[in-house]
Amino acid sequence: MKQSFSFYESVYEVVKKIPYGRVSTYGAIANYLGLKSSARMVGWAMNKSHYNLDKIPAHRVVNRNGVLTGKHNFGGQNIMQQLLENEGVIVENDMIINFEEHFWNPIEELD
DNA sequence: TGATTGACCAACT
DNA sequence: CAGTTGGCCAATC
């Protein structure tokens with residue numbers, strides 16, 4: 001499958017390591033990979049992840065405000081919110097409550 | 001093959 | 001204070 005690691009392939013690896021009930025951000029992942037300004041590419045990689053949604057918990061990745069920016073990409077409306085709430089993450093108005101408590105920073109956790 | 005775009009972020013005007 | 005721009009990588013048109 002993966003013979004050479006690219007940026008977005010590394011994104012998948014990190015996203016798959018997000019623990020249950022935790023969430024992370026595009027910027028944090030990009031920063032962890034050493035690309036501080038490549039948060040857009042993380043989102044773009046997630047867009048492609050719909051082919052591997054079974055392995056990639058894309059619903060645990062939100063923007064730095066804790067807002068479910070990509071919820072509409074889950075083929076519906078509040079699918080992403082339902083998935084998060086199912087893991088104990090409270091979501092209101094497309095925004096994660098106590099986002100800092102659920103935030104999982106790969107830089108600090110994996111380092 | 002050149003140009004455009006994308007689930008973002010931060011700085012600048 | 002709000003709108004614009006630069007930045008990064010890969011894919012699509």
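Worth knowing before you read on, the calculation uses all heavy atoms, side chains too, and leaves out hydrogens, waters and symmetry mates.
Residues that satisfy the side chain to side chain contact (heavy atoms under 4.5 Å, CB included) test with Asn63(A), not counting sequence neighbours, are Tyr26(A), Asn65(A), Val67(A), Thr69(A). Listed by chain and residue number, Phe7(A), Ser38(A) satisfy the side chain to side chain contact (heavy atoms under 4.5 Å, CB included) test with Leu35(A) (two or more places apart in sequence, or in another chain). The salt bridge (Lys or Arg N to Asp or Glu O under 4.0 Å) test applied to Arg40(A) returns no partner, not counting sequence neighbours. Residues passing the ring-ring contact (aromatic ring centres under 6.0 Å, His included) test with Trp104(A): none are found, sequence neighbours excluded. For Gln77(A), the side chain to side chain contact (heavy atoms under 4.5 Å, CB included) criterion is met by no residue, not counting sequence neighbours. A search for side chain to side chain contact (heavy atoms under 4.5 Å, CB included) contacts involving Asn78(A) returns Gln81(A), Gln82(A), not counting sequence neighbours. Qualifying ring-ring contact (aromatic ring centres under 6.0 Å, His included) partners for Tyr12(A), counting only residues two or more places apart in sequence or in other chains: Tyr8(A). Taking the salt bridge (Lys or Arg N to Asp or Glu O under 4.0 Å) definition, one finds that Glu87(A) meets it with Arg60(A), sequence neighbours left out.
Comparing dC8(C) with dT1(B), their P atoms sit 24 Å apart, to the nearest whole Å. Nucleotides dA2(C) and dA7(B) place their P atoms 24 Å apart, quoted to the nearest Å. Using P as the reference atom, dT4(C) and dT5(B) are 15 Å apart when rounded to the nearest Å.
Residue Arg60(A) contributes atom CZ, which lies 22 Å from atom P of dA7(B) at whole-angstrom precision. Taking atom CG of Asp94(A) as the reference point, atom P of dC8(B) lies 13 Å away to the nearest angstrom. Per the geometry, CG belonging to Leu84(A) stands 13 Å off C1' belonging to dA7(B), to the nearest Å. Regarding Asn73(A), its CG atom lies at a distance of 13 Å from the C1' atom of dC8(B), rounded to whole Å. The CG-C1' distance, from Leu35(A) to dA10(B), rounds to 16 Å in whole Å.
Closest-nucleotide positions on DNA chain C for Lys48(A) and Phe7(A) were compared, and the one nearer the 5' end corresponds to Phe7(A).
No continuous path of ILVMFWY side-chain contacts below 4.5 Å connects Val89(A) to Tyr20(A), so the two sit in separate hydrophobic clusters.
First and last contacts of DNA chain C with chain A, using any nucleotide atom under 4.0 Å from a protein heavy atom and ordered 5' to 3', fall at dG7(C) to dT12(C).
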Dump the pairs, protein N or O against N or O of nucleotides 11-13 of chain B, anything under 3.5 Å, distances to one decimal.
none

Could you pull out all donor-acceptor pairs under 3.5 Å where a side-chain atom in residues 90-97 of chain A meets a protein atom, sequence neighbours excluded?
from, atom 1, to, atom 2, distance (Å)
Asp94(A), OD1, Lys71(A), NZ, 3.2
Asp94(A), OD2, Lys71(A), NZ, 3.0

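Of the residues in residues 36-45 of chain A, Ala39(A), Arg40(A), Met41(A), Gly43(A), Trp44(A) come within less than 4.0 Å of DNA chain B through at least one heavy atom, sorted by number.
Asn63(A) comes within 4.0 angstrom of sugar-phosphate atoms only, judged by non-hydrogen atoms across all strands, and of no base.
Side-chain contact between Met46(A) and Val15(A): present, with at least one pair of heavy atoms (C-beta onward) separated by less than 4.5 Å.
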